[in-house]
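Heads up, the thing below is written out as structure tokens.
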Amino acid sequence: MDQPISDFIDTDSFGQAATYTPSGGSPTSITIIFDNEFFLSTIAGSGYENTNPTALCKTTDVSTATNGATLVTDSVTYYVIGVQPDGTGFTKLILSTQN
């Protein structure tokens, strides 16, 4: 049975609306759990600030996800650069602001 993401995660507190568009497909509205973790990388002794945007989605909402699909949330367009289904009904999309 196809259960909404809100059956598993408190989307009132953590969920946000997004528009997902598969490569060559039509846009659709979905609910995601967005994370934009900050981290500091050190390369050759110099520190670089980075973020790692990801979206946790219901797998059935992004079942055709491939690199190059887009996700728009909070008026920012993100490009899918990785798709990580977890086998439990959720898929993490690894995102980038650059295509």
Side-chain angles (χ1 to χ4, degrees):
M1 181 160 72
D2 191 26
Q3 293 178 285
I5 195 170
S6 58
D7 284 358
F8 304 100
I9 296 176
D10 181 5
T11 55
D12 290 338
S13 297
F14 302 108
Q16 64 187 71
T19 301
Y20 168 71
T21 306
S23 297
S26 300
T28 186
S29 295
I30 64 173
T31 300
I32 64 169
I33 306 296
F34 183 75
D35 187 28
N36 199 12
E37 179 182 0
F38 169 83
F39 63 96
L40 181 66
S41 299
T42 303
I43 300 173
S46 296
Y48 296 91
E49 297 177 356
N50 296 293
T51 59
N52 184 31
T54 62
L56 184 63
C57 312
K58 189 172 146 187
T59 298
T60 55
D61 288 343
V62 294
S63 61
T64 60
T66 59
N67 291 0
T70 61
L71 189 77
V72 179
T73 188
D74 289 334
S75 300
V76 177
T77 299
Y78 295 94
Y79 299 91
V80 175
I81 60 170
V83 180
Q84 299 177 343
D86 69 3
T88 67
F90 292 102
T91 295
K92 182 187 285 187
L93 299 179
I94 310 302
L95 306 170
S96 173
T97 56
Q98 299 177 12
N99 189 8

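What you see below is based on every heavy atom in this structure, not just the backbone, and it leaves out hydrogens, waters and symmetry mates.
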Kindly say whether Ala17 contributes a backbone atom to a donor-acceptor pair with the side chain of Thr31 at under 3.5 angstrom? no
Taking all non-hydrogen atoms of both residues, which atom of Pro22 and which atom of Ala69 are closest, and how far apart? CA-CB, 3.9 Å
Sidechain-backbone polar pair: Thr51 side chain, Pro53 backbone, donor-acceptor under 3.5 Å: no
Check: Thr66 and Thr64 side chains under 4.5 Å, non-hydrogen atoms: no
Separation between OG (Ser41) and CD (Glu49), nearest 0.5 Å, reads 10.0 Å
Between Tyr20 and Val62, does a side chain to side chain contact (heavy atoms under 4.5 Å, CB included) hold up when you go through it step by step? CA-CA 8 Å; Tyr20 168 71; Val62 294; 4.0 Å; yes
Taking Asp74 for the side chain and Val76 for the main chain, is one N or O donor matched with an acceptor at less than 3.5 Å? no
Drop me the distance from Ile94's CD1 to Asn52's CG, to the nearest 0.5 angstrom. 6.0 Å
Distance, nearest 0.5 Å, that separates CD1 of Ile32 from OG1 of Thr19: 9.5 Å
Applying side chain to side chain contact (heavy atoms under 4.5 Å, CB included), run through Asn50 and Leu40 and close with a yes or a no. CA-CA 6 Å; Asn50 296 293; Leu40 181 66; over 6 Å; no
What residue among Thr97, Asn99, Val72 forms side chain to side chain contact (heavy atoms under 4.5 Å, CB included) with Tyr78? Thr97
Measure the CG-CG distance between Leu93 and Leu56 for me, rounded to the nearest 0.5 Å. 8.5 Å
Would you say Leu95 and Tyr79 make side-chain contact, with heavy atoms under 4.5 Å? no
How close do Ile30 and Cys57 get, heavy atom to heavy atom, and via which atoms? CD1-SG, 4.3 Å
Write down the atom of Ile43, the atom of Tyr48, and the distance for their closest heavy-atom approach. CB-CE1, 3.8 Å
If you measure from CD on Gln98 to CD1 on Ile81, what distance do you get to the nearest 0.5 Å? 9.5 Å
